[in-house]
**Q** 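Here's a structure for you.
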Amino acid sequence: MTPRTTEDRAATAATERAQLPVRDRILDAADELFYTDGIRTVSADRIIAAASVSKVTFYRYFPTKDDLVVAYLELRASVEREAIEALRTRHAGDPQGMLTALAQELAVVSCAPGFRGCPYINAAAEYSDPEHVVRRTVTTHRAWFAGVLQEQLDALGVTDPAVTDQLMMLRDGAMVHGDLGGSDGTRARTLLAAGRAVIRAAR
């Protein structure tokens, strides 16, 4: 039966979290709190309480908060990469189909319940120093994503890196706009139309 109240959902999440290995339990709590409330506002003590671990245990796995933030972003990146690799496999040899599927997936994600924007953009907004380990983690994942786009564009004969930059801007805009309303169908059509216009202009 689906929990009907916030308290029920929280209790269910706590029960499920308790079954995880200790490191995963800490990371699961951090993932929820960082994404929902923001990284800077969430203290180590809140995560320790949510994960039901001692301070000694917490710091054994994550000596600094930056270590935990990096692990959180890498977890988010691994989930996104797995989903995109699945699309890549499904649309092997069809770069247009891959880019279309990716735009549709972004539209669905940005309209999902609980969506609070792109975790990488959110993290970058909280860490202004481009040399900070958190920002470097964000940059690494975004470079990977841009590489996926460039690979598909190359297959379409579009080699200008400016086109990849433009598609990245469309992706970022969709993420920022995600909690401002509109259906995933509307957002998908907008992304597809804009993306196709960018690619068409470059050919």
**Q** Could you tell me if the side chain of Arg25 sits less than 4.5 Å from the side chain of Val22, heavy atoms only?
**A** yes
**Q** Taking the side chain as everything from C-beta on, heavy atoms only, tell me whether Arg171 gets closer than 4.5 Å to Cys118.
**A** yes
**Q** Considering only heavy atoms from C-beta outward, does the side chain of Gln166 approach that of Leu170 to under 4.5 Å?
**A** no
**Q** Taking Leu73 as the starting point, is it possible to reach Phe115 by hopping between hydrophobic residues whose side chains are less than 4.5 Å apart?
**A**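 In one cluster: yes.
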**Q** If you measure from CG on Leu68 to OH on Tyr59, what distance do you get to the nearest 0.5 Å?
**A**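 Leu68 atom CG to Tyr59 atom OH measures 10.0 Å (nearest 0.5 Å).
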**Q** Do Thr100 and Arg196 pass the side-chain contact (heavy atoms from CB on, under 4.5 Å) test, and can you show the C-alpha distance, the side-chain angles, and the key distance before you say yes or no?
**A** CA-CA 9 Å; Thr100 297; Arg196 285 169 177 160; 3.7 Å; yes
**Q** Taking it one step at a time, do Glu80 and His141 satisfy side chain to side chain donor-acceptor pair (under 3.5 Å)?
**A** CA-CA 10 Å; Glu80 184 170 307; His141 180 64; 3.1 Å; yes
**Q** For side-chain contact (heavy atoms from CB on, under 4.5 Å), just list the numbers for Thr137 and Glu74, CA-CA rounded to whole Å, side-chain angles, deciding distance to a tenth of an Å, and then say yes or no.
**A** CA-CA 7 Å; Thr137 303; Glu74 288 178 342; 4.1 Å; yes
**Q** Just how far is it from atom CZ of Arg200 to atom CG of Leu156, taken to the nearest 0.5 Å?
**A**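 With rounding to 0.5 Å, CZ (Arg200) is 13.0 Å from CG (Leu156).
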**Q** Restricting to pairs with a member in residues 62-107, which pass ring-ring contact (aromatic ring centres under 6.0 Å, His included), not counting sequence neighbours?
**A** Phe34-Tyr72
**Q** Quick one: which of Leu27, Val70, Asp28 gives a side-chain contact (heavy atoms from CB on, under 4.5 Å) with Leu75?
**A**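 Answer after filtering Leu27, Val70, Asp28: Leu27.
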**Q** Indicate the atoms forming the closest heavy-atom contact of Arg116 with Thr36, along with that distance.
**A**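 Looking at all heavy atoms of both residues, the closest pair is NE-O, 2.8 Å.
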**Q** Working to the nearest 0.5 angstrom, can you tell me the gap between Glu82 CD and Leu87 CG?
**A** 11.5 Å
**Q** Do Leu192 and Met98 belong together in a cluster built from hydrophobic side chains that touch within less than 4.5 Å?
**A** no
**Q** Drop me the distance from Thr139's OG1 to His132's NE2, to the nearest 0.5 angstrom.
**A** 12.5 Å
**Q** The test is side-chain contact (heavy atoms from CB on, under 4.5 Å); show your working for Val69 and Thr64 and say whether it passes.
**A** CA-CA 9 Å; Val69 175; Thr64 70; over 6 Å; no
**Q** Show the nearest heavy-atom pair for residues Arg81 and Thr140, with the distance to one decimal.
**A** NH2-O, 4.0 Å
**Q** Could you tell me whether a side-chain N or O of Tyr120 sits under 3.5 Å from a main-chain N or O of Ala77, the two making a donor and an acceptor?
**A** yes
**Q** Could you check whether any side-chain N or O of Ser110 sits under 3.5 Å from a backbone N or O of Ala107, counting only pairs where one atom can act as donor and the other as acceptor?
**A** yes
**Q** To the nearest 0.5 Å, what is the distance between CD on Gln104 and CG on Leu99?
**A** 11.0 Å
**Q** Return the CD1 to CD1 distance between Ile26 and Ile48, rounded to the nearest 0.5 Å.
**A** 8.0 Å
**Q** Could you list the residues that satisfy side-chain contact (heavy atoms from CB on, under 4.5 Å) with Asn122, not counting sequence neighbours?
**A** Tyr35
**Q** What verdict does the salt bridge (charged side-chain N to carboxylate O under 4.0 Å, His left out) test give for Asp31 and Arg76, after you've listed the backbone C-alpha separation in whole Å, the side-chain angles of each residue and the deciding distance to 0.1 Å?
**A** CA-CA 8 Å; Asp31 179 72; Arg76 289 270 171 168; 2.8 Å; yes
**Q** Any sub-3.5 Å donor-acceptor pair from Thr57's side-chain atoms to Val53's backbone N or O?
**A** no
**Q** How far apart are the C-alpha atoms of Asp94 and Arg88, what are their side-chain angles, what is the distance that settles it, and do they pass the salt bridge (charged side-chain N to carboxylate O under 4.0 Å, His left out) test?
**A** CA-CA 9 Å; Asp94 179 14; Arg88 224 178 194 172; over 6 Å; no
**Q** Looking at every heavy atom in both Thr41 and Asp37, which two are closest together, and how far apart are they?
**A**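 Shortest heavy-atom contact: OG1-O, 2.7 Å.
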**Q** Closest heavy-atom contact between Val42 and Lys65?
**A**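 Smallest interatomic distance, heavy atoms only, reads O-NZ, 2.7 Å.
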**Q** Find out if a path of hydrophobic residues (ILVMFWY) with successive side-chain heavy-atom gaps under 4.5 Å connects Val148 to Val79.
**A**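 Shared cluster, no.
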**Q** Do Met169 and Val163 share a hydrophobic cluster (ILVMFWY, side-chain heavy atoms under 4.5 Å, transitive)?
**A**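 Different clusters: Met169 never reaches Val163 through Ile, Leu, Val, Met, Phe, Trp or Tyr contacts under 4.5 Å.
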**Q** Report whether Val138 and Ile84 are members of the same hydrophobic cluster (ILVMFWY, side-chain heavy atoms less than 4.5 Å apart, transitive linking).
**A**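 Yes; tracing contacts between hydrophobic side chains, which count when under 4.5 Å, links both residues.
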**Q** Write down the atom of Ala123, the atom of Val134, and the distance for their closest heavy-atom approach.
**A**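 What the structure gives for the nearest pair is CB-CG1, 4.3 Å.
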**Q** Salt bridge or not for Arg142 and Asp172, using N-O below 4.0 Å?
**A**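 A salt bridge is present here (some side-chain N lies under 4.0 Å from a carboxylate O).
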**Q** Does Arg40 make a cation-pi contact with Tyr127, if we ask for NZ or CZ under 6.0 Å from the ring centre and within 45° of the axis?
**A** yes
**Q** Verify side-chain contact (heavy atoms from CB on, under 4.5 Å) between Ile39 and Leu33, making sure each step is shown before the conclusion.
**A** CA-CA 8 Å; Ile39 295 170; Leu33 292 171; over 6 Å; no
**Q** Looking at Arg135 and Ser128, would you say the former's side chain and the latter's main chain have a donor-acceptor pair under 3.5 Å?
**A**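 A pair under 3.5 Å: yes.
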**Q** If you compare all heavy atoms of Leu106 against all heavy atoms of Met175, which two are closest, and at what distance to 0.1 Å?
**A** O-CE, 3.7 Å
